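Each remark here refers to the structure printed beneath this line.
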There are 2 protein chains.
Amino acid sequence: MADVRWLDDREAQLWQAYRDLTRELQRAFDRQLERDAGLSGADYAILAPVSEAEDGVIRMRDLGRQVGWDRSRLSHQVKRMEKRGLVAREDCADDARGAMVRITPAGRDAIEAAAPEHVATVRRHFFDHLSERDQATLTRLFERLLDGLGHDT
Amino acid sequence: MADVRWLDDREAQLWQAYRDLTRELQRAFDRQLERDAGLSGADYAILAPVSEAEDGVIRMRDLGRQVGWDRSRLSHQVKRMEKRGLVAREDCADDARGAMVRITPAGRDAIEAAAPEHVATVRRHFFDHLSERDQATLTRLFERLLDGLGHDT
DNA sequence: GATGCTTTGATGATGCGTCAACAAGCGGTA
DNA sequence: TACCGCTTGTTGACGCATCATCAAAGCATC
């Protein structure tokens, strides 16, 4: 433990930039969604896949896998969204344990109001500053890092 | 609005990788800190700069700027940490509006317990997968994106 | 030194995220 | 059939993050 290899100046600079960037991007997207459609980032993260699912219905389990959330977080979020009328919960025909989430007309209105400006914001803050080559590089590096996170220690 | 330029497949792939990566890295760091020192990511974000400040004391305002948080978030966080004995709040001599945050011995113990394994985790999940050239590229791109976020729209 | 604007910080309300605990149904097997 | 382990989903508690609001002090100008 005494022989810790601390971050040197260049490493610290990258690490700082990474944290600042993720924090500020998150902040920018959350504000935009809230402003343009009264949605939180979490609302959008759920509404997007549900709206694209077959018939606007998807099983909780599959939704959770798609967005990478655990069951608890998803359950809480869907409960809050149901209370606001963005989605409805239904029983699952195939599996009595299951639960389905269906997007409501109000939910569809909300995501359709939010999506164009959201994509525009993603472009303005992210893609517009990156050449095709930059984008390819980032994809390669991000996926390499993600791959490393999988086989954990 | 009808002429939205949606993300194409390659862009969507990068965007997905970015969101997955930030989410999973966050999760990995939070778990490690909690496990090794009973600290949240927010605790660590505050303790690190406070412990490095002159005499282990820093003004709330300056701390807030250093970590990029707003006043409210910082105030709530410091309050919780004070209750747990990690930091102490003191009056500011120069400016009667101000408040100082001082790290306690318990706070110093906690960060010293957490830091080595935290840095090791950052290396294992991030730097170890990136060549010097990769790191330089990421620094350049991240800072370019951050720069774009500054001059906002 | 009174007035008005800005800075600094605290607070309550509300939504988000995680953990531990729980309940109910599935599937395989004795 | 009865049992067992696994999967699926919910809940309550608690800490985190943001917003709106407030109060107090600094500071410039008159």
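Fair warning: this is a prediction, and the values are worked out from it, not measured in the lab. Convention: sequence-line order gives letters A, B, ...; per-chain numbering from 1.
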Could you tell me whether the phosphate oxygens of [N], OP1 or OP2, come under 4.0 Å of any side-chain nitrogen or oxygen in [X]?
| X | N | value |
| --- | --- | --- |
| R80(B) | dG15(D) | no |
| K79(B) | dA10(C) | no |
| R31(B) | dT18(C) | no |

Rounded interatomic separation in angstrom, taking CH2 from W69(B) and C1' from dT18(D): 13 Å
Salt-bridge criterion met for R23(B) and D20(B) (N-O under 4.0 Å):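 Counted as a salt bridge, because a side-chain N and a carboxylate O are separated by less than 4.0 Å.
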Proximity to the side chain of Q77(A) - top-ranked nucleotide from dG17(C), dT18(D), dT18(C): dG17(C)
base_contact_polar (dT18(D) base, H76(B) side chain, donor-acceptor, <3.5 Å): yes
Below 3.5 Å is the cut-off: list the nitrogen or oxygen pairs between protein and nucleotides 20-29 of chain D, distance only.
unit_1: dG26(D); atom_1: OP1; unit_2: A96(B); atom_2: N; d: 3.3

Qualifying residue, where the test is side-chain contact (heavy atoms from CB on, under 4.5 Å) with R89(B) and the options are E82(B), R102(B), M100(B): E82(B)
Sugar-phosphate only, base, or nothing, as touched by R23(A) at under 4.0 Å among non-hydrogen atoms: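 Nothing, no heavy atom under 4.0 Å.
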Touch class at under 4.0 angstrom, heavy-atom based, for R61(B) against every strand present: sugar-phosphate
Test item: side-chain donor near acceptor, T137(B) and D134(B), under 3.5 Å: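 No - no donor-acceptor pair under 3.5 Å links their side chains.
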Verdict with supporting geometry, R80(A) and Q77(A), side chain to side chain donor-acceptor pair (under 3.5 Å): CA-CA 5 Å; R80(A) 285 188 296 264; Q77(A) 181 65 31; 2.8 Å; yes
Most 5' of G98(B) and A42(A) on DNA chain C, judged by nearest nucleotide: G98(B)
